[in-house]
Amino acid sequence: MTMTETTQGVPKDAWKNLVKRHWKMSAVIVAGVVGAVIGAILVFLWRTIGPEALARYPSTLDLWAVGYVVSLLLDLLLWEILLVVLPVIAAAIAVYFLWWNKIPEAERQEYASATKDGKPQKKVKKGGAGGVLNFLVAITWLIVVHADGKWDAAFGSWTFTYLVTSVLTAFLWDLVIIGIPATIALIWWIVRELKK
């Protein structure tokens with residue numbers, strides 16, 4: 001068998017086969033991603049509306065200045081890197097050395113050659129979905145503000161805690177609205193693929 005025959009014989013759904021063959025590890029990776037997102041949200045809440053943040057930053061928006069915003073952003077960046085990004089990198093390295101390297105070389109080559117099959121890769125347009133998500137969160141945030149009775153209240157009377165929790169509430173509502181159908185579709189797809 002020549003090299004070209006081997007490359008042409010690679011199934012286009014090699015990554016689907018990876019999920020089928022290693023479904024337990026795939027589930028662990030998905031759980032890790034979900035855990036990292038939840039951890040990032042919890043760290044965000046801790047550093048923005050936790051007891052220490054309430055002592056460091058003004059409570060109402062009319063007292064905020066650029067210095068407070070920069071300080072908060074740097075504080076968030078530092079703690080997110082320390083408590084979320086570095087553990088995720090460590091987990092990815094552990095997965096690579098403890099699992100990926102133990103997969104037989106022929107199987108790893110199958111996955112590697114599936115992405116290098118000589119055909120031009122589809123270009124993924126970046127930024128389109130982010131704009132839709134931002135718009136959706138903004139609309140949901142306006143609904144949350146109206147439902148809370150803050151529609152006609154001046155921004156100076158808002159607390160910083162309310163601003164953070166209302167934006168996070170809008171984001172989580174959108175996540176639930178989009179996430180439930182997406183999760184059902186993903187489970188349906190996985191079950192269908194595993195039965196094949």
Side-chain angles (χ1 to χ4, degrees), residues 19 23 25-92 94-95 124-191:
V19 173
W23 66 270
M25 194 61 193
S26 299
V28 167
I29 291 171
V30 168
V33 169
V34 169
V37 169
I38 291 171
I41 291 171
L42 291 175
V43 169
F44 175 79
L45 289 174
W46 171 54
R47 299 311 298 171
T48 55
I49 61 173
E52 186 179 326
L54 294 176
R56 291 178 73 187
Y57 303 113
S59 60
T60 58
L61 294 181
D62 60 341
L63 299 175
W64 275 75
V66 174
Y68 290 125
V69 173
V70 171
S71 175
L72 177 65
L73 291 176
L74 291 175
D75 187 55
L76 280 172
L77 184 67
L78 171 72
W79 287 104
E80 291 287 354
I81 288 172
L82 286 175
L83 298 178
V84 179
V85 174
L86 290 179
V88 166
I89 291 172
V95 164
V124 177
K125 182 181 175 184
K126 296 183 181 179
V132 172
L133 181 64
N134 290 341
F135 179 73
L136 184 62
V137 170
I139 296 298
T140 309
W141 178 72
L142 290 174
I143 293 168
V144 167
V145 168
H146 188 272
D148 288 344
K150 300 275 190 180
W151 189 261
D152 293 322
F155 287 122
S157 67
W158 288 19
T159 62
F160 179 65
T161 301
Y162 175 74
L163 177 65
V164 170
T165 55
S166 66
V167 171
L168 188 62
T169 300
F171 175 73
L172 291 176
W173 269 112
D174 290 338
L175 198 62
V176 166
I177 291 168
I178 295 170
I180 290 174
T183 303
I184 291 169
L186 178 65
I187 291 170
W188 173 79
W189 177 80
I190 289 172
V191 168

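Throughout, residue positions are numbered sequentially from 1 according to the sequence presented.
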CA sep, side-chain torsions, deciding dist, call: Val164, Phe44, side-chain contact (heavy atoms from CB on, under 4.5 Å): CA-CA 10 Å; Val164 170; Phe44 175 79; 3.6 Å; yes
Qualifying residue, where the test is side chain to side chain contact (heavy atoms under 4.5 Å, CB included) with Trp141 and the options are Leu136, Val167, Thr169: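 In the set Leu136, Val167, Thr169, the residue that makes a side chain to side chain contact (heavy atoms under 4.5 Å, CB included) with Trp141 is Val167.
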Residue that, paired with Ile49, satisfies side chain to side chain contact (heavy atoms under 4.5 Å, CB included) out of Leu168, Thr165, Thr159: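 Only match with Ile49 under side chain to side chain contact (heavy atoms under 4.5 Å, CB included): Thr165.
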Between atom [atom1] of [X] and atom [atom2] of [Y], what is the distance when rounded to the nearest 0.5 Å?
X: Glu80; Y: Leu86; atom1: CD; atom2: CG; result: 11.5 Å
X: Trp158; Y: Asp148; atom1: CH2; atom2: CG; result: 9.0 Å
X: Tyr162; Y: Leu61; atom1: OH; atom2: CG; result: 11.0 Å

Any idea which heavy atoms bring [X] and [Y] closest together, and the distance?
X: Ala36; Y: Val84; answer: O-CG1, 3.9 Å
X: Ala154; Y: Ser157; answer: O-OG, 2.6 Å
X: Ile81; Y: Pro87; answer: O-CD, 4.3 Å

Donor-acceptor contact present, side-chain Trp64 to main-chain Pro58, <3.5 Å: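 Yes; at least one donor-acceptor contact below 3.5 Å.
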May I ask you to test the [X]-[Y] pair for a side-chain heavy-atom distance under 4.5 Å?
X: Leu163; Y: Phe155; value: no
X: Phe160; Y: Leu54; value: no
X: Leu142; Y: Trp151; value: yes

Trace of the side-chain contact (heavy atoms from CB on, under 4.5 Å) decision for Arg56 with Ser71: CA-CA 10 Å; Arg56 291 178 73 187; Ser71 175; 3.7 Å; yes
Verdict with reasoning, Arg47 to Leu78, per side-chain contact (heavy atoms from CB on, under 4.5 Å): CA-CA 10 Å; Arg47 299 311 298 171; Leu78 171 72; over 6 Å; no
Which atom pairs, one a donor and one an acceptor, fall under 3.5 Å between side chains of residues 170-185 and the rest of the protein, sequence neighbours left out?
unit_1	atom_1	unit_2	atom_2	d
Asp174	OD1	Thr140	OG1	2.6
Asp174	OD2	Val137	N	3.2
Asp174	OD2	Thr140	OG1	3.1
Thr183	OG1	Gly179	O	2.7

